[in-house]
> 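Take this structure, written in structure tokens, and hold onto it; I'll ask about it next.
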Amino acid sequence: MAAAKKGRRPSGSQGYPGRALAVILIALVALTGGIFLTGDRTPRLGIDLAGGVSITLTARGGQGDAVNKANMNTAVNIISNRVNGLGVSEAEVQTEGSKNIIVNIPKGTNADQAEKQVNTTAKMYFRQVLAAGAGAPAPAETPTPSASGSSTPSPGASGTATPKATGSATSSPTASSSAQGRAVSGALTSSVDKAPTPLPSPSATDDTGAASGDTATDTSVPADLQATYAALDCTNAKQRAAAQEAAGDPAKKVVACGDEGGVWQKYVLGPSLIDGKRISGANAAFDTQQGNGWVVNLTFDSKGAGQFTSVTSNLSSQQAPNNRFAIVLDGNVQSAPSVSQALPGGSAQISGSFKQSEAQDLANVLKYGSLPLAFDISDKTTVSAALGGEQLHGGLIAGAVGLALVVLYMFAYYRGLSLVAIASLMVSAGLTYTIMCLLGRAIGFALNLPAVAGAIVAIGITADSFIVFFERIRDELREGRSLQPAVARGWPRARRTILVSDFVSFLAAAVLYVVTVGKVRGFAFTLGLTTLLDVAVVFLFTKPLMTILARRKFFADGHKWSGLNLKSLGVKAPLRRVRRTHSTETKEA
């Protein structure tokens, strides 16, 4: 008899099932500990279950923009990106009719912040400052940031911290002490004028200024614009709104207001020198080098980088205030720094005593682009979760009834094997619940009614995997094998079937998630997640547990309540095999 090869596992060996069980149980304990450490002990609920805010935006055409289907669809995509940029998931953004967009935001989101995000046009222009003057102090509701002292304040500069922009250059200029008591780039400095600067005389030729990106600027101010500038009171909300509306035309000289460090400033601005569309990226960051606090870093595309270098080169050769350029967002001056030298490179920085949320909001709207249309908020309502709560209650009852029926069927048909199936279902449910709780914080996942439906459907998918495995084991027993070899031989066959079935389910969920929008994506996401967990549970829990139980007498001997009784399976006692002997004939001598 040939000796067994060294290191070869004996027949019926099932590997190390204890290790697989340990892996999945450790994962379950770690996930459970995670939800207690983070405090997210329940899944985040969608707007249909927890309520939220519903905002209706009505488009108004302006500046040549047409309210058409293409522009409305573009606006929907931009608004959706902005809202999701706040960490909101399951927010519904969809058109209603030809002019309305409905934005449903789940509870738990800052409604005021979201409202500002969805209604901000985010059209930015870089304009030359032709004249600037200080207005009355800002309204009481505007917080005035405190300023640190300056060792060498410049004449006429305010002691209040003011917004400024800094540009990145290949060779960084030497930092100097500013009027605001902070180190800023020597090439790009922000200032606040306490007294109006003289208005240049109007030009007798063209009063529209240079086109966007043209550095040959016209610093004259038409007479009618001088009168508008003189009468403008930026502390008056109505006048500010009117100036903001008029400042939207990038091809004309305009008047505008800006709140710099708690002091309202009014400006006469030239035509747009750089369009905000040239911004290719924006992000909020905390500036630790120059002590500017939260800032917004801008990156220009190749064309915008060239324009920025050309503009700063031209402005640096002019006298104040014409050496300043204003960063204008939606008709409001965000910052108006002065330029002392050309700034090469394709990036700039906006700062101005921003709070973290303000810097992130500004970066968010700039990063995702300008809305093609202007919108008015025609309706804003709070959505009650009462109806969704009733539907959730009904859905949970339906899920409980379905689960109970599955358990009863498993117990009636598989007897003791049903305990394996029930334990596997409990492990799968525990993994699904803890992962959903943690995904609310990690990716903003919100559980809505379709997602609950996906979880209920997953019960049947998971039960199918157990049934396939159990039936393969029974088939092996019917062929006359004992339980341990039956488990060993039945698993490879069942594994292929389980993987193919789960792959089809996951593929369907992935396609559904990609091609659909809104709540249906919640159903697809949950279905895909539970399908992946089904594979993990079957491989790391069900099969190892079945391997261990196959060594127990209750199952190995085919007890009538084990679900593996040979008589119940229709297996007859095997006939005793008789070894055949070959007869030999005796030859006569």
Side-chain angles (χ1 to χ4, degrees), residues 1-28 406-407 409-428 431 461-502 533-579:
M1 181 182 293
K5 293 183 179 180
K6 185 177 180 180
R8 185 176 180 180
R9 292 179 181 175
S11 178
S13 175
Q14 302 290 313
Y16 305 97
R19 295 182 181 180
L21 289 175
V23 168
I24 197 165
L25 292 179
I26 290 173
L28 183 58
V406 170
V407 170
Y409 171 79
M410 297 287 287
F411 185 76
Y413 192 74
Y414 288 109
R415 305 291 178 88
L417 288 179
S418 63
L419 298 177
V420 179
I422 294 172
S424 300
L425 284 173
M426 292 177 63
V427 171
S428 179
L431 292 173
I461 296 176
T462 306
D464 284 344
S465 300
F466 307 150
I467 292 173
V468 169
F469 187 26
F470 294 160
E471 288 302 321
R472 287 296 186 184
I473 295 174
R474 287 183 161 193
D475 289 342
E476 296 296 330
L477 291 176
R478 291 187 181 99
E479 293 181 7
R481 295 182 177 85
S482 59
L483 183 56
Q484 290 192 46
V487 172
R489 292 178 62 89
W491 168 244
R493 300 179 181 180
R495 179 179 58 198
R496 287 192 294 268
T497 306
I498 292 170
L499 288 176
V500 170
S501 175
D502 284 343
L533 291 179
D534 173 51
V535 175
V537 169
V538 170
F539 274 71
L540 298 178
F541 186 82
T542 307
K543 190 265 181 181
L545 182 61
M546 194 64 221
T547 300
I548 293 175
L549 293 179
R551 303 169 185 171
R552 300 296 181 265
K553 184 177 180 180
F554 178 80
F555 289 95
D557 292 347
H559 191 278
K560 65 177 182 180
W561 288 103
S562 67
L564 299 171
N565 182 262
L566 297 180
K567 185 176 180 180
S568 300
L569 295 178
V571 179
K572 296 181 179 180
L575 297 176
R576 179 176 296 178
R577 295 181 179 179
V578 180
R579 190 171 184 178

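The first residue in the sequence is number 1, and the count goes up from there. Computed from a predicted structure; not experimentally measured.
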> Please enumerate all residues that pass side-chain contact (heavy atoms from CB on, under 4.5 Å) together with Leu28, with sequence neighbours excluded.
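Partners of Leu28 by the side-chain contact (heavy atoms from CB on, under 4.5 Å) criterion, ordered by chain and then number, come out as Thr32, Leu431.
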> With sequence neighbours left out, which residue pairs that include part of residues 415-426 fulfil the side-chain hydrogen bond (donor to acceptor under 3.5 Å, both in side chains) condition?
Ser424-Thr542
> Can you list everything that forms a side-chain hydrogen bond (donor to acceptor under 3.5 Å, both in side chains) with Ser465? Sequence neighbours excluded, please.
Asp534
> Taking all non-hydrogen atoms of both residues into account, name the closest pair between Phe466 and Ala421 and its distance.
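Shortest heavy-atom contact: CE1-O, 3.5 Å.
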> Once side-chain contact (heavy atoms from CB on, under 4.5 Å) is applied, do any residues pair with Ile422, and if so which ones, sequence neighbours excluded?
Val407, Met426
> Checking Asp464 now: which residues fulfil side-chain hydrogen bond (donor to acceptor under 3.5 Å, both in side chains) with it, not counting sequence neighbours?
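Partners of Asp464 under the side-chain hydrogen bond (donor to acceptor under 3.5 Å, both in side chains) test: none.
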> How far apart are the closest heavy atoms of Pro544 and Val538, and which atoms are they?
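So the minimum-distance heavy-atom pair works out to CD-O, 4.3 Å.
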> Among all residues two or more places apart in sequence or in another chain, which pass the side-chain contact (heavy atoms from CB on, under 4.5 Å) test with Ser482?
Pro485
> Determine the minimum heavy-atom distance between Leu477 and Ala486, stating which atoms define it.
CD2-CB, 3.9 Å
> Could you pull out all residues at least two apart from Tyr409 that satisfy ring-ring contact (aromatic ring centres under 6.0 Å, His included)?
Tyr413
> Report yes if the side chains of Phe539 and Leu499 come closer than 4.5 Å at any heavy-atom pair, otherwise no.
yes
> Can you tell me how far CE of Met410 sits from CG of Leu425, rounded to the nearest 0.5 angstrom?
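Here the interatomic distance stands at 7.0 Å.
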> Among all residues two or more places apart in sequence or in another chain, which pass the ring-ring contact (aromatic ring centres under 6.0 Å, His included) test with Phe555?
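Residues passing ring-ring contact (aromatic ring centres under 6.0 Å, His included) with Phe555: none at all.
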> Rounded to the nearest 0.5 Å, what's the gap from CD1 on Ile498 to CH2 on Trp491? Could you check?
5.0 Å
> Got a second to check how far Ile467's CD1 is from Arg474's CZ, nearest 0.5 Å?
10.5 Å
> Look up atom CD in Glu471 and atom OG1 in Thr497, then write down how far apart they are to the nearest 0.5 Å.
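Separation between the atoms: 12.0 Å.
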> Please report the interatomic distance CG(Leu533) to OG1(Thr462), rounded to the nearest 0.5 Å.
8.5 Å
> Would you please name every residue forming a salt bridge (Lys or Arg N to Asp or Glu O under 4.0 Å) with Asp557, sequence neighbours left out?
none
> Just jot down the ring-ring contact (aromatic ring centres under 6.0 Å, His included) partners of Phe541, sequence neighbours excluded, or say none.
none
> Quick one: list whatever passes side-chain contact (heavy atoms from CB on, under 4.5 Å) with Ala463, sequence neighbours left out.
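Once residues adjacent in sequence are excluded, the partners of Ala463 under the side-chain contact (heavy atoms from CB on, under 4.5 Å) criterion are Val406.
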> Is there side-chain contact between Leu549 and Leu417, with at least one heavy-atom pair below 4.5 Å?
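They are not in contact (no side-chain heavy atoms under 4.5 Å apart), so the answer is no.
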> Which residues pass the salt bridge (Lys or Arg N to Asp or Glu O under 4.0 Å) test with Arg493, sequence neighbours left out?
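Listed in chain order: Glu476.
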> So, is the end of the Arg19 side chain (NZ or CZ) under 6.0 Å from the ring centre of Tyr16 and within 45° of the ring's axis?
yes
> To the nearest 0.5 Å, what is the distance between CG on Leu540 and CG on Leu21?
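One finds 8.5 Å between CG of Leu540 and CG of Leu21.
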